[in-house]
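Below, read A as the first sequence line, B as the second, and so on, with proteins coming before strands; counting in each chain starts at 1. Small disclaimer: the values here were computed from a predicted structure and weren't measured.
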There are 2 protein chains.
Amino acid sequence: MDAAQIEQVRRFNRTVTERVGVLHDHYLGRDRPVGEARLLWEIGEQGQDVRRLRQRLGLDSGYVSRLLRSLEADGLVTVQPQPEDRRVRTVRLTDAGLAERAALDARSDELAGALLGPLNTAQRARLVAAMAEVDRLLTAATVTLDIVDPHHPDARHCLRSYYAEIQERFETGFDPTRSLLPDAAELRPPHGLLLIARLHGEPVGCAGLKLPPGAPAEVKRMWVAPDARGLGLGRRFLAELEARAAKHGHSVLRLDTNKALTAAISLYHSYGFQEVAAFNDERYAHHWFEKRIAAPLTTPTQRPCPDGEAGSVGAGP
Amino acid sequence: MDAAQIEQVRRFNRTVTERVGVLHDHYLGRDRPVGEARLLWEIGEQGQDVRRLRQRLGLDSGYVSRLLRSLEADGLVTVQPQPEDRRVRTVRLTDAGLAERAALDARSDELAGALLGPLNTAQRARLVAAMAEVDRLLTAATVTLDIVDPHHPDARHCLRSYYAEIQERFETGFDPTRSLLPDAAELRPPHGLLLIARLHGEPVGCAGLKLPPGAPAEVKRMWVAPDARGLGLGRRFLAELEARAAKHGHSVLRLDTNKALTAAISLYHSYGFQEVAAFNDERYAHHWFEKRIAAPLTTPTQRPCPDGEAGSVGAGP
DNA sequence: CCAGTCCTCTGACTAGGGTCAGAAAATGGA
DNA sequence: TCCATTTTCTGACCCTAGTCAGAGGACTGG
C-alpha cells in the first residue's frame, strides 16, 4: 500500500462523495427525509419485520419506531403484529407506499442517468465497467470471516446450500450417506474449525478445516454463495485456512474434490496446490491436492496472498 | 444508456456511499463536526478569503461565519481584513490549526488505508486503477462548456496560457504579431464564438470558432489545461463546435495546426478530419484539416460523439 | 404460573447542519 | 458627497438524525 495508492483513493473519495453525494441528496431527499426514504426502500414490496429493519439499517429501535409512525401517518405503511409471535411486528407497504417506493426507484434511475448523461457512449461504457470493478472490490473488502460452530444457523444454511449445489453438479449426484462426511465434532475446536463468510451480516460462504494430530490438515466443504462469487473469497478462505493450519503446527494442507468443480480445481492449482495420488477413498473425489505450508509470519487476516481469482465451489465433501 | 448500465451505477452508488460514507464520518468526524473539518481543510496552508471559502464550499455566509468563529474560539484560525479591501477578510491557520489540519490529513490517509486494507496486493492494484478511472470520468462529466466574451477574465486566462504553451512548444517559438490572429470581434457573435471549459468554476480550456458567411467554419485557439487533459475535453470541444457550426448553416469545418502539436493532430484524424492543402498562409501552420459536417439532429451538449481519446493542445493560432 | 427475556413504543433530549432577515462596515461610482 | 453594492456578522429559527431511559405487552423455560 504505497503513498500513490493512498493518494488516488483519497482523490476518488473526494470526487465521488462530491458528485454522487450531492446528487444523492438532491434526487432522493426531494420530498422526504433520507431516513424515511431509506426505510421505505428497505421494507421492500414483500414487507419486513421491524426487528430485521432495525438490524439491517443499524438503527436505534426508538428511531425506527418513530420513522414508522411518520410513514404510517402519511398512509404509506401498515404495521401489524405477527400471528406466531405478537411481540414482533411486520411492516407492509400500502398501495400509496408502493407508489412512493416506485417514485424513489425512478429517482435513483435519474440520479444514475445524471452521472452518465454528460458522457459519450465510449466513456459511459468505461465508467460503468470501472464502477463495477470498484463495487466488486469494495464489497469483497467488507466480507468478514468468522469461526462458528457447525450447528450455528448460518453454518447450517451454508452447508445445506453446499450439499444442494453439489448434488446438482456432480455427474452422479450426491448422497451424503455414501460420502466421507466429517461430523460436526471434526469441524469444531480443537479437532478442526468452520469458517463462515458474511456480507452485511448474511452468510455467503463456508470452509471447514480438519486438524488431525500428526497428519496433514484438510480443507473440507468449501463453498461460496453464487451471489458472492468473483470476490476472491475462495482464495481468501484458502489463505485463512492455510494460516490457521500453520498456526496449529501443520506443515501440509490437503483436500480432495470432484471433477465437476472445475473452477475450484483451477483455484487450487493457481493457489499453489499440487495434484497427488488419492490419500483417501472418498467415492465422490476425482482429484487430490496437497500443499506444503510455512510457519506463520504475519496475522492471518491481513496476510497478502498470491494474485489471481477463481470460482469458488470447493473442497470435497 | 441502457438499463444494465443504470443498474450498475446504482449498485456502485450504494456500495460506495455505504463504505466510503460510513468510514468518512467515522474517521473525519472524530473530534470535530464535519463542517468545521471541511472548512479547516479548505482554508489550506496559505490561508483564504472568506468569500472564496463560501463560494467553493457553496455555503451560506452566516453559516461560514459561525463556523469560523468556532474555529477561532478553539485557537485554530485567525481572521483579518485584507489591506486592499477591508470588507474582505482573510482566514489563516494558526500553528494549532496547521497541526489539526495535519491530523485530519493523516486520518484521511487512514481512511484510504482502511478501504485497501482487507485486500491483497493484486486486488489493491485493481481497485486503485478502477478508482482512478471512475474519478477521471466523473470529473470529465462535471466539466461545463460555456460561451464567453473573449475579454472575459477566464477567456484571457486561457488564451494567455495557450500562447505561453505554443511559444514553448513550437520549434520556432511563437510571435503573436507574425501570426494570423483573429481579433476578439471574430470570436464574438455573430462572427464567431469562444467556448470556455470550466471545472468546479475554474477555467480549464478554451476553443474558438469563426463563422465567416459563405465560407467554411474554422476552429481557432483550442487549448486544454495540463491538469484537465485525458478527460476527453478536446473531443468534446470539437463535437460542440461542430454542432454549433452546423446550426449556423455551415457544412465544412476546418482548422490549421503546427506539427509540434502531435496529440492534437491525432485527435483531428481520429475525430474524422481529413488533411487538405493549405487554405491560408498562416506561417506557424504545417497541417490543414477539413471535415464535412451534417445538419444538426439533436441538442449539442447531449449528442454522443465517436469513441477514443487524445491529447488536447489544439487548433492553430 | 411466574420470572426473566424479547420486542416495540414513548417521551425527553442533543448535536449538527443549515436558512433567513437584517445590521454594520467598507467600498465605488455618479 | 451620497447612494447603491459588496462583504461579513449576528440572532433567531428550522429540520433531520439520532441517543437514552424507561414502560409495557408478549413469550418461554422451569
Side-chain angles (χ1 to χ4, degrees), chain A residues 17-18 21-22 24-43 47-74 77-92 104 153, chain B residues 17-18 21-22 24-43 47-74 77-92 104 153:
Chain A
T17 50
E18 213 174 275
V22 166
H24 189 268
D25 294 356
H26 177 253
Y27 279 95
L28 298 189
R30 211 142 49 176
D31 332 309
R32 191 164 293 289
V34 178
E36 288 183 20
R38 257 201 303 167
L39 198 58
L40 202 55
W41 182 260
E42 202 65 38
I43 290 166
Q48 270 292 340
D49 296 352
V50 173
R51 185 177 36 172
R52 277 192 83 79
L53 284 177
R54 232 179 30 220
Q55 235 172 13
R56 293 184 55 145
L57 294 170
L59 298 176
D60 177 82
S61 67
Y63 184 34
V64 169
S65 180
R66 211 172 306 281
L67 289 174
L68 284 176
R69 205 116 6 79
S70 160
L71 291 174
E72 217 172 2
D74 291 357
V77 304
T78 58
V79 183
Q80 285 175 325
Q82 264 189 6
E84 316 94 72
D85 182 345
R86 299 179 44 79
R87 291 172 303 183
V88 180
R89 307 188 68 188
T90 303
V91 197
R92 245 173 266 284
L104 225 60
Chain B
T17 51
E18 213 173 277
V22 166
H24 189 266
D25 295 356
H26 177 253
Y27 279 95
L28 297 188
R30 211 140 52 178
D31 332 311
R32 191 164 293 290
V34 177
E36 290 183 18
R38 257 200 304 166
L39 198 58
L40 203 54
W41 182 260
E42 203 64 39
I43 290 167
Q48 271 292 340
D49 295 352
V50 173
R51 185 179 34 174
R52 276 192 84 79
L53 284 176
R54 230 180 31 217
Q55 234 172 14
R56 293 184 55 144
L57 294 170
L59 299 176
D60 177 82
S61 68
Y63 185 33
V64 169
S65 179
R66 213 173 305 282
L67 289 173
L68 284 175
R69 203 100 8 78
S70 161
L71 290 174
E72 215 173 3
D74 290 357
V77 304
T78 58
V79 183
Q80 285 175 329
Q82 263 190 5
E84 316 93 73
D85 183 343
R86 295 176 49 76
R87 289 172 304 183
V88 180
R89 306 189 68 186
T90 303
V91 198
R92 245 173 266 284
L104 224 60

What residues form a salt bridge (Lys or Arg N to Asp or Glu O under 4.0 Å) with [X], not counting sequence neighbours?
{"X": "Arg66(A)", "answer": "none"}
{"X": "Asp60(A)", "answer": "none"}
{"X": "Glu42(B)", "answer": "Arg56(B)"}
{"X": "Arg86(B)", "answer": "none"}

Inset, instruction - Would you grab the first and last nucleotide of DNA chain C (5' to 3') that comes under 4.0 Å of any non-hydrogen atom in chain B? - result: dG16(C) to dT27(C)

Inset, instruction - Go through the structure and list residues passing side-chain hydrogen bond (donor to acceptor under 3.5 Å, both in side chains) with Ser70(B), not counting sequence neighbours. - result: Glu36(B)

Legend entry - Residues in side-chain hydrogen bond (donor to acceptor under 3.5 Å, both in side chains) contact with Gln48(A), at least two apart in sequence or another chain: none

Legend entry - Under 4.0 Å protein heavy-atom contacts per nucleotide of nucleotides 17-30 of chain D, with B for base, S for backbone only and - for none: SBBB----BBS---

Legend entry - side-chain contact (heavy atoms from CB on, under 4.5 Å) against Thr90(B), all qualifying residues, sequence neighbours excluded: Asp49(B), Gln82(B), Arg92(B)

